[in-house]
Amino acid sequence: MKKSKIIPIKPESKTIPLSGTISRKDSHWVDRRGRPLRDLRISVTDRCNFRCRYCMPKEKFEKDHSFLAHTELLTFEELERVAKIFIKNGVEKIRLTGGEPLLRKGIENLVAKLSSLKTWNGKNLDIAITTNGSALAKKAKALADAGLKRITVSLDSMDPDVFMKLNDVGFPLEKVLEGIKAAEEAGIPSIKINVVVKKSVNDDKLLDIVKYFKGTKVIVRFIEFMDVGATNGWRMDDVIPSKAIVEQINKVYPVEPLDPNYTGEVATRWRFKDDGGEIGFISSVSEPFCKECSRMRLSVDGKIYNCLFATTGFDIRQMLRGGATDEEIEEAIGRIWSAREDHYSEIRTSETVKERQKNKIEMSYIGG
């Protein structure tokens, strides 16, 4: 029987508020919970060459899945324009995500454009990329030359068979490790590894990842399996709290906590007692960090989301392509952030999870 083509339901958009107070503290927009906007995450593509179970499971994103047309994506010029507006109003860090951002042709050109920008207080803009590492060996030098200072590679297992099972396309582990090495050799200063931990899937060999990167400048961060999107089959039973992972690691490699680098840092920081190397944990399920969340997200087709667990966004692409001035776009975004009250992880219950999973935006669309 011929399979029917899956046509994705495009996320609905809220109407951009035409009125409302814009709140500020110093040069930052501030939301209703007093949280300043400091970080912008930009999804540059909804495509990915992996089919990881927690993000783009193969049965939901088949070969004939209809991704966004190129004309629907924000151009690099449009992204640069929007970035300048955000930076003017307090954004200090921009992370490029996807899908898989290194699949976006010429991504190093966007990095170069953004790297040349200065923040509201005259500092260099902090640019980062999150990648699955599959194309990193080819792209690392170009990205470094473009000014990239930070990169995060998703790597959920050091077991070659488990790794291929998790990415579900048979991509070999050694190719990702080659990419990480290439990033080091290219001189990218900050390299981090993100490990999404799911019970009975990859939790039994986490120490292998710690052992491999311990003693290097690469920082490993373990992430609790989160209820992002509606296709990853999330259940609370699959979550292993970060506290349990810390205890597992501490038995073999004693660790102690470190102070955060800055207010609103997502990961809690720990250090190995023997060599001072760092390790991190992201615990949005067991220890929500909503009260200090300073992030806004821009989807690949120009919708703004105030939360990773959002159900709807605000479409600013129509303003970008409809003749709106920078001042008009700035005012619209300022009203959106100032009206923000999102704190999903703090109010998460089994019932809210069920309700949200009906409509939540997929991580491959909004970025991680």
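- The cluster map of Ile, Leu, Val, Met, Phe, Trp and Tyr, joined by side-chain heavy atoms under 4.5 Å apart, puts M164 and F61 in different clusters.
- The existence of a salt bridge linking E292 and R35 is excluded, since no basic side-chain nitrogen approaches an acidic carboxylate oxygen closer than 4.0 Å.
- Nearest heavy-atom pair across V195 and V220 is CG2-CG1, 4.0 Å.
- Side-chain atoms of R269 come within 3.5 Å of backbone atoms of D259 as a donor-acceptor pair (strictly under, hydrogens ignored).
- Of all non-hydrogen atoms in V111 and I129, the two that sit nearest each other are CG2-CD1, 3.9 Å.
- By the neighbour-count criterion of 12 heavy atoms within 6.0 Å, atom NZ of K113 is densely surrounded, having more than that number from other residues, nucleotides or ligands.
- Of all heavy-atom pairs between H343 and E341, the closest is CD2-O, 3.1 Å.
- When atom types are taken as modelled, the side chain of D238 and the backbone of K199 share no donor-acceptor pair closer than 3.5 angstrom.
- A donor-acceptor pair under 3.5 Å links the side-chain atoms of E100 to the main chain of N132, judged by distance alone.
- Considering R38, K93, E92 in turn, K93 is the only one that fulfils the side-chain contact (heavy atoms from CB on, under 4.5 Å) rule with Y262.
- For CG of N121, the number of neighbouring non-hydrogen atoms (other residues, nucleotides, ligands) closer than 6.0 Å is greater than 12.
- No path of Ile, Leu, Val, Met, Phe, Trp and Tyr side chains, each step under 4.5 Å between heavy atoms, connects L166 with L206, placing them in separate hydrophobic clusters.
- Here D204 pairs with nothing under the side-chain hydrogen bond (donor to acceptor under 3.5 Å, both in side chains) rule; sequence neighbours left out.
- Classification of the W270-F281 ring pair by plane angle, with boundaries at 30° and 60°, yields perpendicular.
- S157 and D159 form no side-chain donor-acceptor contact under 3.5 Å, judged by distance and modelled atom types alone.
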Requested in this report: Would you check, one step at a time, whether the test side chain to side chain contact (heavy atoms under 4.5 Å, CB included) holds for N306 with I336?
Outcome: CA-CA 8 Å; N306 283 330; I336 293 167; 3.7 Å; yes
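- Using modelled atom types, one side-chain atom of R51 and one backbone atom of C48 make a donor-acceptor pair closer than 3.5 Å.
- For R335 and E331, the salt-bridge test passes: some basic side-chain N is under 4.0 Å from an acidic carboxylate O.
- Tracing side-chain contacts under 4.5 Å through hydrophobic residues (I, L, V, M, F, W, Y), one reaches I151 starting from Y212; they form part of the same cluster.
- Both tests hold for K214 against F272: distance to the six-membered ring centre under 6.0 Å, angle to the ring axis within 45°.
- The closest donor-acceptor contact from the side chain of K149 to the backbone of G147 lies under 3.5 Å.
- Comment: K141 does not engage E185 in a salt bridge, judged by the lack of any side-chain N to carboxylate O separation of less than 4.0 angstrom.
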